[in-house]
S.K.: 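The structure's right below; bear with me while I get my questions together.
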Amino acid sequence: MTSDIQVQALPVQGRRRGIDFSWPTFALLTLVLSVLVLLPLFWLVYYSFRSDTGAGATFANYIALVADPTLLRAYGLAIGMALAVGVLACIIATPMAWLVARTDLPGRRTIRMLVTASFVTPPFLGAIAYEILAAPNSGIVNIMYRSVFGLEASEYLVNIYTFSGLVFAIACFTFPYVFTLVANALDKVPSDLEDASSILGGKSMTTLRKVTIPLVLPAMLAGTLIAILQALTMFGSPAILALPAGFHVITTKIWSLFQFPPRLGLAAAAALPLLIITVILLRAQKSILGRKGYTVLGGKSGTPRITELGPWKWPAIAFVFCVLSLTIILPYLAIIKTAFTGTVGDPINLSTLTLSHWRFVLFEFSATQLALRNTFLLGFLTATAVTAIALIVSYLVIRRSVPGSGFLGILATAPVAIPGIVLGVGLFLSYANPTFQLYGTIWILLIAFMTIELPAGYQQMSSAFSGVHPELEEAGRIVGASRLRTLWDITAPLLRTSVVAAWCFVFVGTIRELSATILLTTANTKLVSVIIYDLNESGDLGAICVLGIILLAASFAVVFIANRVPVLGGSQMNTRG
Amino acid sequence: MWKKALSAALLATGLAASPAAWAEAPAPYQITPELVAAAKAEGKVVFYTATDVAVAEKLAEHFKSKYPGIAVQVERAGSERVFQRIGQEYSTGIYNADVIETSDAVHFEYFKRQGWLEPMVPQEVADKWPADERDPDGNFAAYRAHLSVIAYRTDLMKDADAPKTWEDLLDPRFKDKMVKAHPGYSGTVMTSTFVLSQLLGWDYFEKLGKQNIMQVQSSTEPPKKLAQGERALEVDGNEYNVFRLIDEGKPIKIVYPDEGTPLAVGNAAVLKQAPNPNAAKLFYAFLFSLDAQQLNSDFGGLRSFHPDVKEKADRTPLSKIKILHSDPEKLEPEIPTIKANYEKYFGT
């Protein structure tokens, strides 16, 4: 009561003090982000020095890390796999990006759209689709190969349960990272440099080799690094394809340490090198991306040059079609086929078509409803919270409204260095104790997802912010509105297409998350990704495909609606995207 | 009827005669209208189980039709995962589960030692169950049993070529042809690995590991890989899943090897911290009722300790099979060795 009176009595002071929330917002965000990022890392380090048998402080876990051949082998295989995925993704994605961005290839828009669809597909679902397609005996591809060439039952063309099969299946769903970065870079390469090369007598291939490729090389390397990072920290695909082949990668090995009796200390110690490798890779990426500045320096001097493919058109179409078949068309057809037939090996005819998997998932399987509800609730909450935090943080950082706000930017980017499974271990150690009791609620998952998705959201928002000139905000401030009010009334509407894009990005990212989730769910906090994983362990492929179709349909619907709601920016999205 | 009364009387004298062993087993209870009403007021029961998800959901459906108004939340995972999950939840003070069931008998010895179980004995268990298939203190009882069997696709492998013994599996002709579940996930396979390592020694597994075997997780999965045609022969896997697939018309045959077939006993119990204690008590009694056990046998292909359950005629009765029993007390200290050796020989 008294404060109300004071405000009325001292209107000017009260307004200034009461409305500028910059400092409290900054303090609150710093606190929230510190808790999100630093607490799990602290417990991770702490537990890595604790004995699993309760004998107090010890180095035993680190000794085991270098002495245990199974752990070393898992690390070696994981690193080899990640490098191979990176190289393969780069080899597939770069020519495709060039064809789509800089040639007269027909259907370029559609191709970009289909690549985005591959990005939305959770990698674990892609891995399961490849089990259906390329298992040595029951895989559809191998069945067709045998029947076409009339071979014996023991012959096969491809075997997905191998190291190379695993690399292939992961690359299929990580190449969009390289593709998007390289295609965007190619969009930006100034055509005057290429024109200069042509004027000086360079043939189109020489120009490509000497001008265009060097200019997009940083983007290629950066994309490859992201693909390597994704593969290194991925849990779902290796768990589905590597374990049947009889080997562990580091993420599945860490997961196996949680089996009874749990070896939390060793799990924590085993997770830390993964964190260090990730940080090293990200620093490498940053130093490479930092040099990318000079491509942008050229500025946009006219539309990008389009190369006419001429007689190369058909081979190019064949190449793109082949890539899209392997990454989108075949996996999706396999999923749809399995959802509607009895078992995977069945041929398609009237007698094998059945709705039994749908009946099972929709009416008999008691986890379905709960998991769908949890998944979408968490998707909405995470996307909304991350977008809001990213919006405010990038505002504070870009406009430098509070001294020290750069630190917030670092905090918001830091989780990018924390692999999902490491964060899962850290969060389990932080919040699964009688003090916090967050384990077993959806809040621990919300914390995990917010932490994982924050860097992506922040990157998108801050790049959008740097495109908005501050003069409009200054106008708002001069008229007397507070910082948050200008942010809300002026800046946010200007940014709404980016906001919607960031929201969708985070939403999709949340839905496909498995590596942190797998350690943090309980019976009442099941997610669709986890029940898909559970069903895979008991071999119920039909039910998985039904759930996968529901999950994908719902994600596409949410993304579609978010881009169509007029209040949120409506169709403007399309002109940008 | 008098038979029942007599057995109850015998049981009562037994109780009186050996107070040390029976001191803590509570008196058997029946499903009373009061219990049903109290369970309905709670409206829900959470069942952590390792039984194949289709079988467990079928059972839940039957319960719901019998006691409408009580929802059953089935949480299915492999035995070792269920064990890991309950361990993680209880160590952090989360009490989600009402009734728990796994196919690794070691777990129930562990739960009992930890004091996590609420002793109770349904009337049916007291009357019908063999004494060595239930806890003397009434903490748990054997809800189901099944064998871990060798099986093969008859269209991909001739009967004459099929293995007859465990040693046969080491033959080079089976290389690349076999699928096998994992002891770190499946209680059934943990049990069978222990029993077979005792019988045949670890060098048997070392040789088996060189046969390039497809490694899956759950013991429900090898039969499904057979059905799918992914492999022609399973090293281990639930007999009940094979029965179900044979009933569906899949060309699969079971082998009961000469050396013997490992038996996995699935115990069930009610947790002391059950959030829905009355629904748990009702559901627990239901699990051992004749019609639930008969459903498990008919639809699920599981073996039952209920003497009145009638098995389908085409199934080999347990009495005709040489069975390898496991001793949970001896198995428990061996678990780390089994896991380490397994990873050494099979890679994961």
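Any value given below was found using the heavy atoms of this structure, including those in side chains, with hydrogens, waters and symmetry copies removed. Order of the sequence lines fixes the chain letters, A, B, ..., with proteins taken first and strands second; residue numbering starts at 1 for each chain.
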S.K.: Under a 4.0 Å N-O cut-off, is there an ion pair linking B:Arg76 with A:Glu537?
M.R.: no

S.K.: A:Asn142 versus chain B, heavy atoms under 4.5 Å apart: side chain, backbone, both or neither?
M.R.: neither

S.K.: Among B:Lys339, B:Glu248, B:Glu221, which has the most heavy-atom pairs under 4.5 Å with chain A?
M.R.: B:Glu221

S.K.: Kindly indicate whether the side chain of B:Lys58, heavy atoms from C-beta on, has any atom under 4.5 Å from the side chain of A:Glu364.
M.R.: no

S.K.: To the nearest 0.5 angstrom, please state how far the OH atom of A:Tyr161 sits from the CG atom of B:Asn212.
M.R.: 13.5 Å

S.K.: Quick check on the interface: out of A:Pro244, A:Gly246, A:Ala242, who has the most heavy-atom pairs with chain B under 4.5 Å?
M.R.: A:Pro244

S.K.: So how far is it from A:Phe247 CZ to B:Thr348 OG1, rounded to the nearest 0.5 Å?
M.R.: 10.5 Å

S.K.: Is the number of heavy atoms from other residues, nucleotides or ligands within 6.0 Å of OH (A:Tyr145) greater than 12?
M.R.: yes

S.K.: Just wondering, are more than 12 heavy atoms of other shown residues or ligands nearer than 6.0 Å to CH2 in A:Trp443?
M.R.: no

S.K.: Step by step, work out the side-chain hydrogen bond (donor to acceptor under 3.5 Å, both in side chains) result for A:Asn524 and B:Gln73.
M.R.: CA-CA 9 Å; A:Asn524 290 329; B:Gln73 190 185 333; 3.3 Å; yes

S.K.: Indicate the atoms forming the closest heavy-atom contact of A:Asn137 with B:Gly229, along with that distance.
M.R.: CB-O, 3.3 Å

S.K.: So which part of B:Val72 gets closer than 4.5 Å to some heavy atom of chain A, the side chain, the backbone, both or neither?
M.R.: backbone

S.K.: For B:Lys225, is it the side chain, the backbone, both, or neither that has a heavy atom closer than 4.5 Å to a heavy atom of chain A?
M.R.: side chain

S.K.: Could you give the distance from NZ (B:Lys224) to CG (A:Leu541), rounded to the nearest 0.5 Å?
M.R.: 9.0 Å

S.K.: Taking atom OG1 of B:Thr220 and atom CG of A:Leu535, what is their separation to the nearest 0.5 Å?
M.R.: 9.5 Å

S.K.: Check whether A:Leu519 gets within reach of chain B through its side chain, its backbone, both or neither, counting any heavy atom under 4.5 Å.
M.R.: backbone

S.K.: Working to the nearest 0.5 angstrom, can you tell me the gap between A:Ser366 OG and B:Lys64 NZ?
M.R.: 6.0 Å

S.K.: Can you say whether A:Glu131 sits under 4.5 Å from chain B via the side chain, the backbone, both, or neither, judging by heavy atoms?
M.R.: side chain

S.K.: Is B:Phe346 in contact with chain A via its backbone, its side chain, both, or neither, using a 4.5 Å heavy-atom distance?
M.R.: backbone

S.K.: When only pairs under 4.5 Å are counted, which of B:Arg85, B:Glu80, B:Lys250, B:Gln88 shares the most heavy-atom pairs with chain A?
M.R.: B:Gln88

S.K.: Specify which of B:Arg231, B:Glu61, B:Lys344 makes the most heavy-atom pairs with chain A at under 4.5 Å.
M.R.: B:Arg231

S.K.: Can you name the closest pair of heavy atoms from A:Phe360 and B:Glu57 and give their distance?
M.R.: CE1-CG, 4.5 Å

S.K.: Given that the side chain runs from C-beta out, which part of A:Phe428 has a heavy atom under 4.5 Å from chain B: side chain, backbone, both or neither?
M.R.: side chain

S.K.: Evaluate the salt bridge (Lys or Arg N to Asp or Glu O under 4.0 Å) criterion for residues B:Glu343 and A:Arg73: first the C-alpha distance (whole Å), next the side-chain angles of each, then the deciding distance (0.1 Å), finally the verdict.
M.R.: CA-CA 12 Å; B:Glu343 182 160 1; A:Arg73 184 163 177 264; over 6 Å; no

S.K.: Using the side chain to side chain contact (heavy atoms under 4.5 Å, CB included) rule, take B:Gln215 and A:Leu243 through it: C-alpha gap first, then chi angles, then the decisive distance, then the call.
M.R.: CA-CA 6 Å; B:Gln215 179 70 64; A:Leu243 297 185; 5.6 Å; no

S.K.: Can you tell me which portion of B:Tyr110 sits under 4.5 Å from chain A's heavy atoms? Options are side chain, backbone, both or neither.
M.R.: side chain

S.K.: Just wondering, do A:Pro136 and B:Glu230 contact through their side chains at under 4.5 Å, heavy atoms?
M.R.: yes

S.K.: For the pair B:Tyr185 and A:Gln259, evaluate side chain to side chain contact (heavy atoms under 4.5 Å, CB included) and give the outcome as yes or no after the intermediate values.
M.R.: CA-CA 8 Å; B:Tyr185 181 90; A:Gln259 285 172 7; 5.7 Å; no

S.K.: May I ask you to check whether over 12 heavy atoms, not counting those of B:Arg244, lie within 6.0 Å of atom CZ?
M.R.: yes

S.K.: Whether B:Glu75 and A:Lys526 form a salt bridge (side-chain N of Lys/Arg under 4.0 Å from carboxylate O of Asp/Glu) is what I want to check.
M.R.: yes

S.K.: Is it the backbone or the side chain of A:Tyr533 that comes under 4.5 Å from a heavy atom of chain B, or both, or neither?
M.R.: side chain

S.K.: Identify which of B:Pro223, B:Gly209, B:Gly184, B:Ser91 forms the greatest number of heavy-atom pairs closer than 4.5 Å to chain A.
M.R.: B:Gly184

